[in-house]
Amino acid sequence: MRKILFIIQKEFKQIFRNKAMKPILFVMPFVQLAVLSYTADFTVKNINLFVQDMDNSVLSKELISKIAAFNNFNLKEISNSYKKGFYKIQQNNIDVIVSIPQNFSKNLQTNKKTEVAIIADAINGTKAGVSINYLQNIILDFTKEQASKKGFTNIKQGVNIIKRNWFNPLLNYKLFMVPGILVLLVTMIALFLSGMNIVREKEIGTIEQLNVTPIKKYQFIIGKLLPFLILGIFEFSIGLIIAVLWFKVPILGSITLIYLFTIVYLILILGIGMLISTITNTQQQALFLAWFFSVIFILMSGLFTPIESMPVWAQNITLFNPIRYYVEVIRLIMLKGSSFSSISNNFIIISFAAIFVNLLAVFNYQKTV
Amino acid sequence: MTAEKVIKVKKLNKTFGKFIAVNNISFDVKKGEIFGFLGANGAGKTTAIKMLTGILSSTSGEATVAGYDINKQRNKLKENIGYMSQKFSLYEDLTLKENIRFYGGIYGLSNKQIKQKTNEVLERLNLQKIENTLISEIPLGWKQKIAFSVAIIHNPKIVFLDEPTSGVDPITRRQFWNLIYQATQDGITVFVTTHYMDEAEYCDRISMMVEGNIKAIGSVEQLLVKYKSKNMDEVFIKLARNNENI
Ligand SMILES: Nc1ncnc2c1ncn2[C@@H]1O[C@H](COP(=O)(O)OP(=O)(O)OP(=O)(O)O)[C@@H](O)[C@H]1O
Ligand SMILES: [Mg+2]
């Protein structure tokens, strides 16, 4: 075990002596965290609105003013011509048309079914989707208000809106994104640093000198892995502090549980890095492989595109994506306060994967060629 | 000198695809001697050394080093040998002292032994003033001497040196050979490759390798007589020409 300590000591010295390393470890991740967290904010502002009011009643006016009062909408025009609104969408002056039908007021007051149409310019799909959801919520609110004024209990008879996607415009995206981006940051650092490490010794030639010593393969891999585990935990901690203090992300669950999972997860990622390092001969090859894996892992993590909206075959692939499990767990623990029992599945999967990958790395590291 | 053989090689072979890098070589090295492994570029010296140090598996044949089979007892073998590879083997981003400490630790020396060895090396090389200098800032000749000292940090029975003096000026080469002599006085057997024929004079016995084959083996005097030559260069040229004729 003493031998492992010597390797760890050497690795730390080398890491901190490398001039490029300090910014990579202490600046880059946090710039990433800050920038990505702000830009990955899906709140949509400046939505240009056209209202076609065919009812022209007190109630329809009330609804319009309620919509107009919402900050993210710019009410451009109210008219009773649908064609005009359509033309304006084509001209790119309008993003969304809200169409209030005749008898809107009458139906609402008699608790009959009535339909408000929302037509969105879906060239910008995200904007369209979000706009529709904002409007749905406002209209639902309005309906409830009216219903309670009239004493109707069954508000289903009010304004009928067909909801396609669950979406909550009042959700603070940063709360949702920051833990996920923290995951990415820790993953990238761990994967790239470990992936480039052993192969670097191959390139310089020092690996040959090590291979001729009686050091055991597992001692070598552990000695290489531990420094990065410590660094990874350190990075994660700073990121977590920023998330809590700056982005005000709550930690509803157990911090111990978060760290426990993070450690197991890091061991898995570092194992993948070690594996990359053992099967490649140059840092360039290792870099490409690490890049390949991280792009796939990130895109299929459910962080930027929900896993449920992927085709089934892609959903199945995400089952092999460690980031997916980690994102899920971190969000569950931090935002929902989940306990071990609700993440135990992910925990078991990641643990087994970590053991498997690291054994493979030890096995694959050849002291004799 | 006792006749105990610390390296025994029998019909050792290494092929890369169809290319025969080492062709059925057999030889013995006696305890305490300096054995020169001579040959031109590409003769197969490094390939042979890598097999003897257990980092390259052989295609066929057998060999024992320090009494251990090179294929079956690699860990034991590695505890008992030192190796200075042709590629540079020290960490450029560690200091002189840190390199000694690291390799000492890997070979299982205690902290006390490491300290003692460090002082010994610094004193012998007279490098106390640069003990905390990064290896990358130290001139090549000094680095080679340091690398040699690190290769024998754990008092191995045998040390393998792969072209330790290539690219170094004559004075430093001379000093390097003095270090080798000192090591043999401590009972270490030295297996050294070189393509400087004049360095053969420093060896107790030499072998001449041409294109994977050992063409001649013996002391310098024996070879000079046998091949009726004035110096080793001539011997080498005769052997190489002989090879072309086959
Ligand atoms: N891994 C390998 N795959 C294929 N051929 C190889 C490999 N390693 C060495 N060779 C070939 O084997 C031959 C002997 O190489 P080796 O490195 O043993 O020579 P050497 O005597 O050490 O030469 P030098 O003085 O240049 O170091 C060379 O022709 C080399 O190209
Ligand atoms: Mg060579």
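Note that the structure is a prediction, hence the values are computed from the model and not measured. FYI, side chains are in, hydrogens and waters are out, and symmetry mates aren't considered; it's all heavy atoms of this structure. All chains are named by letter (A, B, ...) in the order of the sequence lines, taking the proteins before the strands, and each is independently numbered beginning at 1.
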Please test A:Arg17 against B:Leu134 for side-chain contact (heavy atoms from CB on, under 4.5 Å), starting from the C-alpha separation and ending with a verdict. CA-CA 10 Å; A:Arg17 243 166 236 174; B:Leu134 293 181; 3.7 Å; yes

Could you tell me whether A:Phe288 atom CZ has more than 12 heavy atoms of other residues or ligands within 6.0 Å of it? no

Minimum heavy-atom distance between B:Ile114 and A:Arg2, given as atom pair plus value: CD1-NH2, 4.3 Å

Quick check on B:Arg74 against chain A: is it the side chain, the backbone, both or neither that has a heavy atom closer than 4.5 Å? side chain

In this structure, CD1 of A:Ile7 is separated from CZ of B:Phe102 (nearest 0.5 Å) by 5.5 Å

What's the separation between atom OH in B:Tyr103 and atom OG1 in A:Thr213, rounded to the nearest 0.5 Å? 8.0 Å

Choice from B:Pro156, B:Gly82, B:Ser110 maximising heavy atom contacts with chain A below 4.5 Å: B:Ser110

Walk me through whether B:Lys87 and A:Ile207 qualify under side-chain contact (heavy atoms from CB on, under 4.5 Å). CA-CA 10 Å; B:Lys87 278 198 194 170; A:Ile207 194 91; over 6 Å; no

For the atom pair CG (A:Asn211) and NZ (B:Lys78), what is the distance rounded to the nearest 0.5 Å? 6.0 Å

Any chance you could measure B:Asn99, atom CG, to A:Lys10, atom NZ, to the nearest 0.5 Å? 9.5 Å

Go through A:Glu208 and B:Lys50 one step at a time and tell me if the side-chain contact (heavy atoms from CB on, under 4.5 Å) criterion holds. CA-CA 9 Å; A:Glu208 211 165 79; B:Lys50 283 187 178 170; 3.1 Å; yes

Verify the neighbour count for atom NZ of A:Lys19: are there more than 12 heavy atoms of other residues, nucleotides or ligands below 6.0 Å? no

Quick check for you: to the nearest 0.5 Å, what is the distance between A:Phe16 atom CZ and B:Asp93 atom CG? 13.5 Å

Counting only heavy atoms from other residues, nucleotides and ligands, does the tally under 6.0 Å from CZ of A:Phe26 exceed 12? yes

Take a 6.0 Å sphere around NZ of B:Lys76 and say whether it holds more than 12 heavy atoms from other residues, nucleotides or ligands. no

Taking all non-hydrogen atoms of both residues into account, name the closest pair between B:Tyr107 and A:Pro214 and its distance. CE2-CD, 3.4 Å

Taking atom CG of A:Leu210 and atom OG of B:Ser85, what is their separation to the nearest 0.5 Å? 10.5 Å

Please say whether more than 12 non-hydrogen atoms of neighbouring residues, nucleotides or ligands are located less than 6.0 Å from CZ in A:Phe12. yes

For the OH atom on A:Tyr259, are there more than 12 heavy atoms of other groups (residues, nucleotides or ligands in this structure) within a distance under 6.0 Å? yes

Chain B shares the most heavy-atom pairs under 4.5 Å, among A:Gln14, A:Gln366, A:Gln9, with A:Gln14

Of the backbone (N, CA, C, O) and the side chain (C-beta and beyond), which part of B:Asn111 lies under 4.5 Å from a heavy atom of chain A, both, or neither? both

Crowded around A:Gln284 CD? As in, over 12 foreign heavy atoms under 6.0 Å? no

Donor-acceptor pair, distance only, cut-off 3.5 Å: does the side chain of A:Gln209 make one with the backbone of B:Tyr83? yes

Counting only heavy atoms closer than 4.5 Å, note whether B:Ser58 contacts chain A via side chain, backbone, both or neither. neither

